[in-house]
Structure formats: structure tokens, C-alpha cells
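Below is one structure; the comments refer to it alone.
Read the numbers this way: they start at 1 and go in the same order the structure lists the ligands and their atoms. Note that the coordinates shown come from a computational prediction; the quantities given were computed from them, not determined experimentally.
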Amino acid sequence: MRFDVITLFEPMFAAVTENGITSRAMQRGLWSLYTWNPREETEDNHRTVDDRPFGGGPGMVMMADPLARTVRRIRRSGNVGRVVSFAPNGTRLTDETVRRWVAEDRDMVLICGRYEGIDQRFLDNYVDETVSIGDFVLSGGELAAMVLIDAVVRQLPGAIKELSTLDESFSTGLLDAPHYTRPEVWEGQAVPEVLLSGHHANIAKWTREQALELTLRTRADLIEKAKASGKLSETDRLWLKKHGYPV
Ligand code: ADE
């Protein structure tokens, strides 16, 4: 999968190209990344990419033309994929969207805004969707773009062991259960006994109940969603009922 990123801060993307799973996946040829600075598509001496907002208000707005020119250049270089921009007013990024994009296997053009935002005419004419990674405001789209890249790339076939992504948070409809490793006792706390029993059915039951308990306690909205999408078994329903949650 190919990503082309439009950003004023190209070096930031070393975070995903030079570290960890995403870096290894890149070395294996599973994905590629090209960064483009919209200043390269300006013609004035100051290489201006932003200006004051019409109608007044604080801050600066990214101008449409340098961004549009950069997208056209990216198109000519061969990326015909989905164009995504980042802003707090976008559609929330979810595991479901990430998995759909991995399955579709289309290239992506990622637009990282800075300042107060991007001229709406560019968004209307060049961008397929605007994505938010949460209800908070970042200084720019770069970290959000890297969140998207990381979430997508780690799911590409061959990036990590397939099983690792099957039972992690969200894929099962619930939050992931807690994990433990050696030593068996640490700071006076023992690992839950069932995990040392070697009894696979009991371990699976315990793990599912831990996931149900944690999700119910911290993200009850996900229980509703799991119910609606048929991800709760009869055993899950009985456990929830027993713990005072009507399903
Ligand atoms: N840019 C600024 N804040 C953002 C957010 N929460 N999500 C995505 N892009 C952003």
C-alpha cells in the first residue's frame, strides 16, 4: 500500500518509517511512504501556504492552491487512491474503518493541516473524507496521519502474526483482556492461577469474562455495539445478566 503525505513537517514521519512494526513492514515491501511539502508548489518569494481567514477570527488558514497543486502532482506520480484529511471535525477513526481500508487495499493521499484549518473549497473539491482521531485538538494533522498509518500498516498481511490482530481490542467487539508474563509473582502479586493451569477452555472463559468486565466498567457503549452487531454469545449474555446488565 502506498501513502503520499502532504505536510509542512516531513521529518516527523521518521516516527513510522524508522521505528518498530511499521518500519519492518516497510523494509519487507508491504507499504511505502512519500512526503510532499506544499511550499514546493508556491510561487511567491516567501513560499506562502497560509493566509488570514475571510470573515475574521484568530489564526491562519491553509490556502487551497498549494495543496491542490500538490495533490495533482501526487496523482501524476501514480497514486490514484483515497484522499483523507485530518481535523477534529472529521469522522471518528475506528477499527472497523481501518479494517475496511486494509481489505480494500487502495493507496492513500493524506493531507495534514496546520494552523486553524484548510480552505473549505480544497476540502470540497479534492478530499474524499476528513478523519478525526478523537475529541481533542492537535497542533496539526501529522500525528493523526501517523496514527492512521500505524493502525492500517500493522494490519497488512505479513506485518505481524495474523493471530495477534484477531483477538485484540475491538475486533472481538470488546476491549482486550489483561495480559501477564514472567515472573509468576511480582511485587507480591501473583499471576491469576487459571493462566498457569494449561486448561485452554478455562483460560478462554476467564479471558472472555475479563474482557466483558473491563468493557462493561469502562466502555459500556461498546457492549451495546457488540450486542447490535451479533458479537455477544449466549454465554456472554448470561454473564452480563448475572452482573446486572440487561441484554
Ligand atoms: N487535527 C487537529 N486535531 C485533530 C484530531 N483530533 N484528529 C485528527 N486531526 C486533527
Exercise. Do Arg69 and Glu43 sit within salt-bridge range, that is, some charged N less than 4.0 Å from a carboxylate O?
Worked result: yes
Exercise. When you check the gap from the basic side-chain N to the acidic O, do Arg92 and Asp135 get nearer than 4.0 Å?
Worked result: yes
For this session: Return yes or no for this condition: an N or O of Val137 is under 3.5 Å from an N or O of ligand 1.
Result: no
For this session: Report yes if some heavy atom in the side chain of Phe122 is under 4.5 Å from a heavy atom in the side chain of Asp65; otherwise report no.
Result: no
Exercise. Taking both backbone and side-chain atoms of Ala144, is any N or O found less than 3.5 Å from an N or O belonging to ligand 1?
Worked result: no
For this session: Specify side chain, backbone, both or neither for Ala87, according to which of its non-hydrogen atoms lie closer than 4.0 Å to ligand 1.
Result: backbone
Problem set entry | Where ligand 1 meets Gly134 - atom numbers and elements under 4.0 angstrom, heavy-atom basis | 6 (N)
For this session: Show which atoms of ligand 1 fall inside a sub-4.0 Å distance from at least one heavy-atom site of Val131.
Result: 8 (C)
Exercise. Does Arg114 pair with Glu142 as a salt bridge, N-O distance under 4.0 Å?
Worked result: yes
Exercise. Between Glu96 and Lys231, is the closest basic N to carboxylate O distance under 4.0 Å?
Worked result: no
Exercise. So, does Leu93 sit close enough to ligand 1 that a heavy atom of it is under 4.0 Å from the ligand?
Worked result: no
For this session: Give the residue and atom name of whichever protein heavy atom lies nearest to atom 3 (N) of ligand 1, and the separation in Å to one decimal.
Result: Leu138 N, 2.9 Å
For this session: Would you mind running through ligand 1 and noting each atom that sits below 4.0 Å from a heavy atom of Phe136?
Result: 3 (N), 5 (C), 6 (N)
Exercise. Between Glu104 and Arg82, is there a side-chain N and carboxylate O pair less than 4.0 Å apart?
Worked result: yes
For this session: State the atoms of ligand 1, each with its element, that fall below the 4.0 Å cut-off from a heavy-atom position in Ser132.
Result: 6 (N), 7 (N), 8 (C)
Seminar exercise, completed: atom 7 (N) of ligand 1: closest protein heavy atom, distance to 0.1 Å, is Ile133 N, 3.0 Å
For this session: Apply side-chain hydrogen bond (donor to acceptor under 3.5 Å, both in side chains) to the pair Thr48 and Thr42, showing each step before the final yes or no.
Result: CA-CA 7 Å; Thr48 310; Thr42 55; over 6 Å; no
